[in-house]
Amino acid sequence: MISHCPSLLRAPLPAGLRPLTPRAFHFTATAYSPPPLPPFRLRPLRAVAGGGSPVAGDGGKRAAPPPLGAAVLDFARSNFLPLALIGGIALALLDPTLGCLAHKYSLSKYSTFGIFVISGLTLRTKELGAALQAWPAGLFGLFSILLFTPFLAKFIVQTQFSPPEFITGLAMFCCMPTTLSSGVTLTQLAGGNSALALAMTVISNLLGIIFVPLSLAKYVGAGAGVSLPTEKLFKSLVNTLLIPLILGKVARETSKGTAEFVDGNRQGFSVISAVLLSLVPWIQVSRSRSLLLSIQPKAFAITVTIGVLLHLSLLAFNATALQVLTCLKQKEESVFASKEYSRAVILVASQKTLPVLVAVVEQLGGALGESGFLVIPCVAAHINQIIIDSILVNWWRQRDRQSTDAK
């Protein structure tokens, strides 16, 4: 009998009614309510490189490779300083008109002043106490920066080369203190002690006000047959470097809001500093464009090679000296054997700063040769040292990762 399954023969009754059968079921609105459907939502679509779907099978977003434009922007952000320096030189070679006009109004002096104001604003000193326990390593770093490297200028300046300003510029570069930002930044990336790196950076640049004029007069000026105005140069460095550095540091320490703003926008300040720094070689090369175009590419390539070899020599010297000091100490807890401290010393003590050199060249007024010729090899050496040290840092990080995986 099919009477037991009435739903197979006729449509169900409306909700709330009963069929006149003894075995009728009580139908309610709830019993016949269909299950609720999931809410229908529209997902925003995104354009994906390669035309693939931006939504995966499980409803999640599929990771897509960054487009070419984003990759180019990331590269530009990571290498803004070298690109800015190269861009300034290229612009000067293409059209020197604006650069000559900027020189007429002494724009390079204001840009150098601005660089060191920003350096004072971004310098952090609250972590310097953590580096006190590594004072022997820091003392060696200062010796390498202020005494050993300038001594090399005595031999470099004796090299016979044409134009002679290229070699003189590299010799002057040896007499400079360490970089104001890239050394500390690379130390942080390498897992080194950033407090020690910052201490060596601050102290070497402050002592450089005294040591730079003396080193130039003893090693470069004597070798070039020029008597440098040491006292005048010292006063100029104080006005151009020390005073703006102090002004920026005082503004940071006296205003908490200023310090927080600077720390929250450090990348922006780095970009501004790089732009100001790139103005200087732009102006110098614009002034000397006709002379630069007369130089053979072979001579410039040889100068760049000398700068690369110089930086590699400094890296090798500092690394070897730390190993020797570790053996002499013969203690496991020696600061020279510490990876964090040794990496900070190797990176910071092997670099030379470009802004101080530019300030010195500005103050010399052509006493050691054409300003553009003096700056060009140093710009190349500055870019090369950043590239070489970046490769070294990446190698250190890969080795640390492999060591961690092995454990």
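The residues of the chain are indexed from 1 along the displayed sequence.
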Taking it one step at a time, do V393 and L347 satisfy side chain to side chain contact (heavy atoms under 4.5 Å, CB included)?
CA-CA 9 Å; V393 168; L347 289 173; 4.1 Å; yes
Please assess T258 against F261 for the test side chain to side chain contact (heavy atoms under 4.5 Å, CB included), listing each intermediate value before the final yes or no.
CA-CA 5 Å; T258 300; F261 176 77; 5.7 Å; no
Please lay out, stage by stage, how L186 and V348 fare under the test side chain to side chain contact (heavy atoms under 4.5 Å, CB included).
CA-CA 9 Å; L186 290 172; V348 175; over 6 Å; no
One pair to check against salt bridge (charged side-chain N to carboxylate O under 4.0 Å, His left out): R343 and D400. What are the steps and the verdict?
CA-CA 13 Å; R343 290 182 179 181; D400 292 343; 2.8 Å; yes
Test side chain to side chain contact (heavy atoms under 4.5 Å, CB included) applied to W396 and I346, step by step
CA-CA 12 Å; W396 276 338; I346 291 173; 4.2 Å; yes
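Side-chain atoms of S273 never come within 3.5 Å of backbone atoms of F269 as a donor-acceptor pair (strictly under, hydrogens ignored). A donor-acceptor pair is defined here as one N or O able to donate and one able to accept, closer than 3.5 Å; such a pair exists between the side chain of R289 and the backbone of L93. Within the 3.5 Å criterion, the main-chain N or O of L196 finds a donor-acceptor partner in the side chain of N193. Under the 3.5 Å distance criterion, the side-chain polar atoms of K352 are matched with a main-chain donor or acceptor of M176.
Contact between T187 and A197 at its shortest, heavy atoms only, is OG1-CB, 3.7 Å. S286 approaches C100 most closely through the heavy-atom pair O-SG, 3.7 Å. Closest of all the heavy-atom pairs between A251 and L121 is CB-CD2, 3.9 Å. Of all non-hydrogen atoms in S342 and L322, the two that sit nearest each other are O-CD1, 3.6 Å. The shortest non-hydrogen separation linking A381 to L170 is CB-CD2, 4.2 Å. Across all non-hydrogen atoms, the minimal contact from L146 to S204 is CD2-O, 3.8 Å.
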Only distances under 3.5 Å count here; give the side-chain donor-acceptor pairs of residues 366-374 to other protein atoms, sequence neighbours excluded, each with its distance to 0.1 Å.
from, atom 1, to, atom 2, distance (Å)
E370, OE2, S288, OG, 2.8

Listing, residues 307-320 side-chain donor-acceptor contacts under 3.5 Å, not counting sequence neighbours, or none:
from, atom 1, to, atom 2, distance (Å)
H311, ND1, S350, O, 3.0
H311, NE2, D389, OD1, 2.8
H311, NE2, D389, OD2, 3.3
S313, OG, L309, O, 2.7
N318, OD1, S144, OG, 2.8
N318, ND2, L314, O, 2.9
N318, ND2, S350, OG, 2.8
T320, OG1, A316, O, 2.7

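By the 30° and 60° cut-offs, the orientation of the rings of F151 relative to F155 is perpendicular.
F211 is not listed as a side-chain neighbour of I145, based on a closest heavy-atom distance of 4.5 Å or more. In this structure, F113 and L247 have side chains that are in contact, with non-hydrogen atoms separated by less than 4.5 Å. I89 has its side chain out of reach of W282: every pair of non-hydrogen atoms, C-beta onward, lies at least 4.5 Å apart. Residues I156 and Y219 have side chains not in contact (no heavy-atom distance under 4.5 Å, counting atoms from C-beta outward). With a 4.5 Å cut-off on side-chain heavy atoms, N394 and I391 do not count as touching. Looking at I167 and I306, their side chains come closer than 4.5 Å, going by heavy atoms from C-beta outward. A 4.5 Å side-chain heavy-atom check between I376 and F300 finds at least one atom pair inside the cut-off. P177 has its side chain out of reach of L207: every pair of non-hydrogen atoms, C-beta onward, lies at least 4.5 Å apart.
In this structure, OG1 in T159 is found 14.5 Å from CZ in F166, a value given to the nearest 0.5 Å. For the atom pair OG1 of T303 and NZ of K298, the computed distance is 12.0 Å after rounding to the nearest 0.5 Å.
Using modelled atom types, one finds a donor on one side chain and an acceptor on the other under 3.5 Å when comparing T179 with Q351.
Partners of L245 by side-chain contact (heavy atoms from CB on, under 4.5 Å), not counting sequence neighbours, listed by chain and number: S119, L123, L206.
Salt bridge status for R252 with D263: present, with a side-chain N to carboxylate O gap under 4.0 Å.
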